[in-house]
Amino acid sequence: MEKVTVRFAPSPTGPLHIGGARSALFNYLEARHTGGRFIVRIEDTDLERSKREFEDEIIQSLKWLGLDWDEGIVVGGENGPYRQTERLEIYQQYVRKLLEEDQAYYCFCTEEELEKEREQQMAADGLVRYSGKCSHLSREEVQKRIAAGEKPAVRLRVPPGKQLEVHDYVRGDVRFDTDTMGDFIIVKNDGIPVYNFAVVLDDVLMGVTLVMRAEEHLSNTPRQLLIYQALGFPTPAFAHVSLILGSDHQKMSKRHGATSVMAYREMGYLPEAVFNFLALLGWSPEGEQEIMTQEEIIAQFDVNRVSKSPAVFDLNKLNYINQQHIKRLSLEEFKRRMRPYLENSEFSEDIKTLSEEKYSVLAQALKDRLVCLADVKDQARVFLRRQEPEKEAQELLAIPENQAMLKTFAEEFSAFDFQEAAEIKSFIKKFIKNHQLNAKNVYMPLRSALTGVTHGPDLPWLILFWDKQETLDRIWTALE
RNA sequence: GGCCCCUUGGUCAAGCGGUUAAGACAUCGCCCUUUCACGGCGGUAACAGCGGUUCGAAUCCGCUAGGGGUCACCA
């Protein structure tokens, strides 16, 4: 595969959502795989909805995911600026050219007029396109109306009866007929170019060779093709990636649950897991390995293996992938990543005063049990708090034999010194053997006495965490 | 409604004219185990339908059905 120049061009009208992140990711992967260039630029021509804080959040999200870019917003580059509102003069030159060549014309129609026209067409034959009302205004008339203070938009003349072909890496060749579209607006009456026009110019001027984006843009592509042609620019290759759907097979939206990348961070998903999961949504590697590092995915990624059909976002799978990535973390790394989730919980104070050793014990006990890092909030409770025994635990503690066993255990345990979980495990084992008991009849009452519940992390870890005194104290308390 | 795209198990998906139609998640069962997890083993489960083309179709073509996208002075 030859080197590509690709780009991700979000509009800062909201947080980066899963779908956008996947588009960004695929572009990034293709660039890194081929040794090409990845550009990130901001499409903020919608003045009403664009917000700087969204731009910041999007950038943060991309970075969190582990993406970086060679050129664009934040990092700069020779083809800047990288915010469309800062490129207005550039666009103007080309609009002027198109106007002079009569490939485009001024349109004075009002939104109300156009709205009405569309409604009528929809009711009639369903063929919605601009009537061409302003396409033959004389130069004089145009001058007069502009002088009178009217603010026109600019439309591109669409040649009738022309076939347009989009060569698409994932769809194959898709054909469109210009007869199904009318002259469309390229500059709004406030002088700001419309997305379709600005993207083309940006892509050309920045040397983009492959336009990879969501499938919803496929039907926009013929319009963009027309702009490339009018301007005399060569067209890039395209790749329209299918959408990500919710469980009801509708385009994923808020009502399907969390949609923003940041929300997944807050829930305790690892960036490398989200990276891995998103890569697998619409793309599959050649081998059977699914849990992969960023490097492994880059090495294998290929646009030609991108799927045509839309994919349903499956939280179960994300959970699994996240769990796998947590398991693969080194203990030190895990400790580092888990910390903020604990510090932002009700255990904030406990964690701050906890010794490094204790924190390490906690981490080892929990590491392979978590689906999400945020789960530590629940899982840590048993270590850090005491709770009233639940029903099942109470029942176990009410049995006389269990009480007697616990008393003996406490006595022997008070004479036992330990430093590692393994030592505690063998101590319990020996205890069971010496008293000719069966394991379950020791462990379950002991667990009940110590934690008040009948399931949870391995007992030796809990005991090691508490140390001798706290452990004994818990047993005696339970026996009362 | 016009145009365009899509259709392999519940989900992600491999497959690119000849396969017992992979694998993963989920689910179910068994094993491991003090418990819950983890891990191991195994089971259930799919080519939307109909017509072609072909010695042979999940794979190629057509139609039908279903789903989706888009028809903005949003991107």
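In what follows, every chain begins at residue 1, and chains take the letters A, B, ... in the order their sequences are listed.
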Restricting to non-hydrogen atoms, name the atom on A/Val371 and the atom on A/Ile326 that form the minimum distance, rounded to 0.1 Å.
O-CD1, 3.6 Å
Do you know the tightest heavy-atom contact between A/Tyr105 and A/Cys134?
CD1-O, 3.5 Å
Of B/C5, B/U34, B/A26, the nucleotide closest to the side chain of A/Tyr443 is B/U34
With sugar-phosphate meaning primed atoms plus P, OP1 and OP2, does A/Gln379 contact a base, only sugar-phosphate, or nothing at under 4.0 Å between heavy atoms?
nothing
Length of the line joining A/Phe383:CZ and B/A37:C1', which is rounded to integer Å:
13 Å
Quick one, A/Asn220 with A/Tyr195, criterion side chain to side chain donor-acceptor pair (under 3.5 Å). Give me CA distance, side-chain angles, the key distance, then yes/no.
CA-CA 10 Å; A/Asn220 261 325; A/Tyr195 157 78; 5.2 Å; no
Just to be sure I understand the rule, does A/Gly282 reach a base, reach only the sugar-phosphate, or reach nothing, if contact means heavy atoms closer than 4.0 Å?
sugar-phosphate
Integer angstrom distance from the P of B/C25 to that of B/A37:
16 Å
Can you check the distance between B/C38 and B/A46, where both ends of the measurement are the P atom (answer in whole Å)?
27 Å
In terms of side-chain heavy atoms of A/Gln323, which of B/U35, B/G67, B/A37 is nearest?
B/A37
RNA chain B: 5'-proximal contact among A/Pro457 and A/Lys317 (nearest heavy atom):
A/Lys317
Provide the Watson-Crick or G-U wobble partner of B/C63, both distances under 3.5 Å; none if there is no partner.
B/G49
Could you check how far CG of A/Asn402 sits from P of B/U34, rounded to whole Å?
16 Å
If we take the P atom in both B/C5 and B/G62, what is their distance in whole Å?
11 Å
Whole angstroms only, please: what is the CG-C1' distance between A/Leu164 and B/C4?
13 Å
With sugar-phosphate meaning primed atoms plus P, OP1 and OP2, does A/Gln289 contact a base, only sugar-phosphate, or nothing at under 4.0 Å between heavy atoms?
nothing
Nearest atoms (heavy-atom pairs only) where A/Ala104 meets A/Val154
CB-CG1, 3.8 Å
Using the aromatic ring of A/Tyr320 (for Trp, its six-membered ring), decide whether it stacks on the base of B/C25 within the limits of 5.5 Å and 30°.
no
Tightest non-hydrogen contact, residues A/Thr13 and A/Phe54, listed as C-CD1, 3.5 Å
When we call it a touch if two heavy atoms are under 4.0 Å apart, what does A/Arg213 touch: a base, just sugar-phosphate, or nothing?
nothing
Considering non-hydrogen atoms only, spot the tightest contact between A/Val200 and A/Ile227 and give its length.
CG1-CG2, 3.7 Å
Round to a whole Å and report the spacing from CZ of A/Phe313 to P of B/A13.
13 Å
From CG of A/Leu281 across to C1' of B/A24 the rounded distance in Å is 13 Å
Considering non-hydrogen atoms only, spot the tightest contact between A/Gln229 and A/Leu164 and give its length.
NE2-CD2, 3.8 Å
A/Lys308 atom NZ is separated from B/U8 atom C1', nearest whole Å, by 15 Å
From the options B/C4, B/C12, B/A24, select the nucleotide whose nearest atom is closest to the side chain of A/Glu290.
B/A24
Would you please confirm or rule out a distance under 4.0 Å between OP1 or OP2 of B/U11 and any side-chain N or O of A/His249?
yes
Between the protein and nucleotides 71-75 of chain B, which nitrogen or oxygen pairs are less than 3.5 angstrom apart?
residue	atom	partner	partner atom	Å
B/C71	O2'	A/Val128	O	3.3
B/C73	O2	A/Asn189	N	2.6
B/C73	O2	A/Asn189	OD1	2.9
B/C73	N3	A/Asn189	ND2	3.3
B/C73	N4	A/Cys109	O	2.4
B/C74	OP2	A/Lys188	NZ	3.2
B/C74	O2'	A/Asp46	OD2	2.6
B/C74	O2'	A/Arg49	NH2	3.3
B/C74	O2	A/Arg49	NH2	3.3
B/A75	OP1	A/Thr45	OG1	2.5
B/A75	OP1	A/Lys188	NZ	3.2
B/A75	OP2	A/Tyr195	N	3.0
B/A75	O3'	A/Glu43	OE1	2.9
B/A75	O2'	A/Ser11	OG	2.9
B/A75	N6	A/Asn220	OD1	3.2
B/A75	N6	A/Asn220	ND2	2.5
B/A75	N1	A/Asn220	ND2	3.1

Assign A/Arg171 to base, sugar-phosphate, or nothing according to its heavy-atom contacts below 4.0 angstrom with the strands shown.
sugar-phosphate
Roughly, in whole Å, what's the span from CG in A/Leu315 to P in B/U27?
13 Å
Have a look at A/Leu218 and say if it touches a base, only the backbone sugar-phosphate, or nothing, with a 4.0 Å heavy-atom cut-off.
sugar-phosphate
Out of B/C4, B/G15, B/G69, which nucleotide sits closest to the side chain of A/Arg305?
B/G15
Does A/Phe197 form a ring pair (Phe, Tyr, Trp, His ring centres under 6.0 Å) with A/Phe184? I'd like the steps, not just the answer.
CA-CA 10 Å; A/Phe197 188 69; A/Phe184 57 91; 9.1 Å; no
Contact class for A/Phe176 vs. all strands (heavy atom < 4.0 Å): base, sugar-phosphate, or nothing?
sugar-phosphate
Once you round it to whole Å, what is the distance between C1' of B/C3 and NZ of A/Lys162?
18 Å
Rounded to whole angstrom, note down the C1' distance from B/C71 over to B/C12.
32 Å
Run the ring pair (Phe, Tyr, Trp, His ring centres under 6.0 Å) check on A/Tyr28 and A/Phe8 step by step: do they pass?
CA-CA 8 Å; A/Tyr28 166 84; A/Phe8 177 58; over 10 Å; no
For B/G43 versus B/C6, give the span between their P atoms, rounded off to a whole number of Å.
35 Å
Determine which nucleotide pairs with B/C3, using a 3.5 Å limit on both distances of a Watson-Crick or G-U wobble pair.
B/G69
Crowded around A/Gln163 CD? As in, over 12 foreign heavy atoms under 6.0 Å?
yes
Using the P atom as the point on both nucleotides, what is the distance between B/U53 and B/C61, in whole Å?
15 Å
With a 4.0 Å cut-off on heavy atoms, is A/Leu370 in touch with a base, just the backbone sugar-phosphate, or nothing at all?
nothing
How far does the C1' atom of B/C73 sit from the matching atom of B/A26, given to the nearest Å?
48 Å
For B/U27, what is the paired nucleotide under Watson-Crick or G-U wobble rules, both distances under 3.5 Å?
B/G43
Base, sugar-phosphate or nothing for A/Asp125? Non-hydrogen atoms, less than 4.0 Å.
sugar-phosphate
Only pairs with both distances under 3.5 Å count, Watson-Crick or wobble alike; so what is the partner of B/C32 in this structure?
none
Would you measure the distance from the P atom in B/C47 across to the matching atom in B/G10 and give it in whole Å?
9 Å
